[in-house]
Amino acid sequence: MCGIIAARVTDDATPFLLGGLERLEYRGYDSVGLAVRTAAGRNATIRSVSRVGDLRALVAARAATAPASDASTGVGIGHTRWATRGAVREENAHPHADCTGRISVVHNGIVENADRLRATLEGQGHVFRSEVDSEVIGHLVERALRVDPDLLLAVQIATAQLEGAWAVVVLDARDGRMVAAADRSPLVVARSARGDFVASDVGAIAEWCETFVPLRDGDVVELGEAWSWSSGGVAVPVPFPTASPFAPAALELGDHPDHMAKEIDEQPAVVAEVLDRVRHRTSDGSTWTGLGLPAFDRLAVVACGTSLHAGQVIASTVRALGAVPTDIVVASEVEHVVLGPGTLVVAISQSGETADVLRALDRLDARHPVLALTDNVHSSLARRADAVLECHAGPEVGVAATKTFTAQVVVGVTTVVSALVASGRLEPTRAAALVDALSELPERLARAAAVAADRVPLLAATVRDAPGFLFLGRGPGLPYAAEGALKLTELSSRWAEAYPAGELKHGPLALVDDGTPVVVVDHGDPRLQSAVAEVRARGGFVVTIGGEGSDLPAIARRAEATDLAWGRAVAPWGPIEAVVPLQMLARELALQLGCDVDKPRNLAKSVTVEEPGTPTSTG
């Protein structure tokens with residue numbers, strides 16, 4: 001959610017900071033700021049409770065009137081803040097300073113003992129200017145510098161006193177030294193011909209850096225002519241850099257009006273690439289054996305939001321094909337979950353930094369092996385897991401997940417198919433038939449997008465004034481109905497709920513009135529027709545996403561004999577292509593309502609805070 005950018009370059013750092021902050025906007029934020037060391041040896045701080053564009057205007061205005069001594073140098077830090085503890089006010093925005101203004105700090109994460117540290121520091125004469133926990137870090141560094149003038153040592157001493165999680169960058173105005181530290185919160189450092197950079201997301205610096213080094217828990221590094229790296233307070237060699245997964249062009253819009261439109265369009269290509277990577281290792285079980293995990297008798301999915309829906313598809317696949325019992329664990333509700341022996345935990349998070357998922361792993365029995373499904377193999381989740389599956393979705397800038405959902409489904413489904421083959425639960429020939437069926441998915445997704453592009457605008461205009469929506473599905477179609485409801489709620493801020501179609505008469509039917517939109521994911525189950533009839537009898541406006549004859553005929557029908565290769569009318573993973581018109585309907589409705597589809601209100605891309613009542617990140 002909160003974002004960090006820092007630069008140590010040969011010319012003015014300000015353009016790099018502003019550019020990096022714009023790259024971080026997708027994470028969600030409500031305030032933004034930067035601090036740049038000036039020629040006079042002080043930190044000039046500018047903060048805003050508006051957008052990065054407003055901060056850019058404030059920076060330009062200051063530059064136009066500042067004396068030469070206040071000219072910006074090549075060292076600075078920036079931050080986007082998502083408010084949790086502490087109101088959205090300028091004094092709570094980052095960067096924060098110590099008492100003297102010498103030290104500036106940006107911070108992501110949680111300082112769980114902030115109140116206790118603050119009380120001690122105030123008792124020693126330190127004056128605080130904000131409500132947030134992050135400010136204590138600057139004062140701890142200030143106090144350490146009074147004992148020893150070395151900034152690297154001061155940051156080590158300061159962070160050793162913190163409880164919780166943090167990614168921190170500290171800037172010393174006196175000499176321009178910059179130190180970064182991390183523990184259970186993502187942070188990367190990078191070097192290029194332009195200089196040195198620090199970011200909470202490698203995408204923020206992809207334009208300037210081809211490689212990066214992720215900080216591990218307990219790492220502290222000083223950026224300079226030569227990097228000084230320590231881990232757990234002990235000096236260590238600088239880790240070998242990793243190639244950046246993001247080409248700068250991949251983050252650009254190209255011919256698309258917004259990032260969500262681009263990322264919906266990219267789904268056929270993403271799925272084709274994923275299948276090209278895994279198809280030959282699925283039917284012989286080698287994908288699974290290569291993970292080095294023990295055999296399992298049960299599978300538990302731990303996830304939130306869209307990733308939870310992807311996990312439901314994966315779980316239904318392993319149940320249908322291998323009769324494997326499964327548990328679906330909402331990560332934020334893990335406290336009372338009891339997993340049976342022989343359970344494999346599949347933890348799913350696009351960013352790999354979802355706080356609820358990481359805390360859920362803390363609370364689950366450590367004896368259960370963990371398989372991480374993420375798009376970030378350098379994330380906190382990846383480091384915590386016993387094995388990692390990369391989704392290969394590429395950068396996703398839109399806050400609402402689209403292509404990461406389809407990538408999670410395909411990677412997860414092919415992995416459990418491989419696991420069933422390796423365990424003898426599924427014949428390799430049958431697995432090969434399933435892989436052949438999946439190979440048609442890119443074409444199906446493209447066809448679904450073409451159909452939706454023609455019909456969705458008028459459909460969205462028809463339901464634009466509706467205050468709420470129902471989404472219905474059955475069996476393998478239900479996770480897609482749930483994902484459609486979530487997308488519509490996220491983007492349009494309209495009420496939407498998904499239900500099993502058979503549950504309609506047990507309560508939700510009371511919500512149906514004249515014109516109530518009811519979206520039905522119709523994958524061919526004949527029992528869906530009774531639910532449709534019940535809705536129409538009460539004046540509801542039914543929208544069917546299914547085969548030929550439906551309102552959005554986006555679900556392809558295969559020959560009966562081929563469908564029965566796995567003994568069902570549809571594949572065990574359900575109608576994946578239905579998600580495309582659902583995404584496009586949500587986007588179109590949001591646009592017609594004047595919403596920002598890339599940055600929905602009150603939401604963030606990487607949810608690094610926990611539910612209320614537990615320690616949260618103040619950013």
Side-chain angles (χ1 to χ4, degrees), residues 1-2 108-110 112 159 162-168 181-188 200-202 212-219 231-232 239 242 245 288 290-294 296 298-308 310-311 314 327-335 337-339 342-393 404 408 411-412 415 419 605-611 614-617:
M1 300 171 85
C2 302
N108 290 352
I110 307 162
E112 295 175 356
T159 54
L162 304 179
E163 297 174 5
W166 58 86
V168 179
D183 194 277
R184 293 196 294 166
S185 190
L187 201 64
V188 302
S200 51
D201 185 331
V202 69
F212 68 98
V213 182
L215 272 69
R216 299 157 300 194
D217 292 349
D219 281 358
S231 181
T242 298
W288 173 256
L291 293 172
L293 292 169
F296 60 92
R298 299 182 64 93
L299 185 143
V301 169
V302 178
C304 305
T306 288
S307 293
L308 186 68
I314 297 165
D327 299 289
I328 303 297
V329 179
V330 179
S332 60
E333 294 289 333
V334 74
E335 281 79 6
V337 170
V338 178
L339 300 180
T343 298
L344 170 70
V345 173
V346 179
I348 310 176
S349 166
Q350 178 267 327
S351 66
E353 304 296 344
T354 306
D356 287 319
V357 173
L358 296 174
R359 298 298 86 77
L361 296 184
D362 288 341
R363 295 174 179 123
L364 290 174
D365 191 328
R367 291 175 295 180
H368 299 296
V370 175
L371 173 61
L373 180 57
T374 179
D375 214 42
N376 183 359
V377 296
H378 304 286
S379 63
S380 300
L381 176 60
R383 292 195 297 271
R384 294 275 301 280
D386 298 289
V388 182
L389 287 169
E390 184 176 2
C391 294
H392 299 287
T404 53
Q408 286 172 345
V411 172
T415 300
K605 186 68 175 177
S606 179
V607 185
T608 57
V609 297
E610 292 181 89
E611 61 193 293
T614 60
T616 57
S617 166

Could you give me the CA-CA distance, side-chain angles and deciding distance for Leu381 and Leu361, then say whether side chain to side chain contact (heavy atoms under 4.5 Å, CB included) is met?
-> CA-CA 9 Å; Leu381 176 60; Leu361 296 184; 3.6 Å; yes
Take Thr159 and Asp183, measure what side chain to side chain contact (heavy atoms under 4.5 Å, CB included) needs, and give me the verdict at the end.
-> CA-CA 9 Å; Thr159 54; Asp183 194 277; over 6 Å; no
Going by atom types alone, do Glu353 and Ser379 pair a side-chain donor with an acceptor below 3.5 Å?
-> no
One should read off an interatomic distance between Leu389 CG and Leu371 CG, to the nearest 0.5 angstrom, of 4.5 Å
Can you find a heavy atom in the side chain of Val188 that is under 4.5 Å from one in the side chain of His378?
-> no
Could you tell me whether the side chain of Leu291 reaches within less than 4.5 Å of the side chain of Thr415, counting heavy atoms only?
-> yes
Heavy-atom donor-acceptor pair, Asn108 side chain to Cys2 backbone, under 3.5 Å | yes
NE2/His368 to CG/Leu299 distance, rounded to the nearest 0.5 angstrom?
-> 12.0 Å
Is a salt bridge present between Arg384 and Asp217, judged by a nitrogen-to-oxygen distance below 4.0 Å?
-> no
Straight-line distance of His392 NE2 to Thr404 OG1, nearest 0.5 Å = 14.0 Å
Check whether any side-chain heavy atom of Pro214 lies under 4.5 Å from a side-chain heavy atom of Phe212, and answer yes or no.
-> yes
Give the C-alpha distance, both sets of side-chain angles, the deciding distance and a yes or no for side chain to side chain contact (heavy atoms under 4.5 Å, CB included) between Ile348 and Val357.
-> CA-CA 8 Å; Ile348 310 176; Val357 173; over 6 Å; no
d(Gln408 CD, Thr374 OG1) to nearest 0.5 Å is 8.0 Å
If you take all heavy atoms of Ile328 and Gly311, which pair is closest and at what distance?
-> CD1-O, 4.3 Å
If we only count heavy atoms from C-beta on, is the Leu339 to Arg298 side-chain gap below 4.5 Å?
-> no
What is the minimum heavy-atom distance between Ala331 and Val302, and which atoms define it?
-> CB-CG1, 4.0 Å
Between Asp327 and Val329, is there a donor-acceptor pair closer than 3.5 Å when you use the side chain of the first and the backbone of the second?
-> no
Mind checking whether Leu187 and Trp166 have side chains closer than 4.5 Å, heavy atoms only?
-> no
Please report the closest heavy-atom contact between Ser349 and Thr354, naming both atoms and the distance.
-> OG-OG1, 2.7 Å
If you measure from the Lys or Arg side-chain nitrogens to the Asp or Glu carboxylate oxygens, is any gap between Arg359 and Asp356 under 4.0 Å?
-> no
Heavy-atom closest contact (Arg184 atom, Ala165 atom, distance) | O-CB, 3.5 Å
Minimal non-hydrogen separation, Trp288 against Pro294, with atom names = CZ2-O, 3.5 Å
Where is the tightest heavy-atom contact between Val337 and Glu333, given as atom of each residue plus distance?
-> CG2-O, 3.8 Å
Roughly how far, to the nearest 0.5 Å, is CG of Leu358 from CZ of Arg363?
-> 11.0 Å
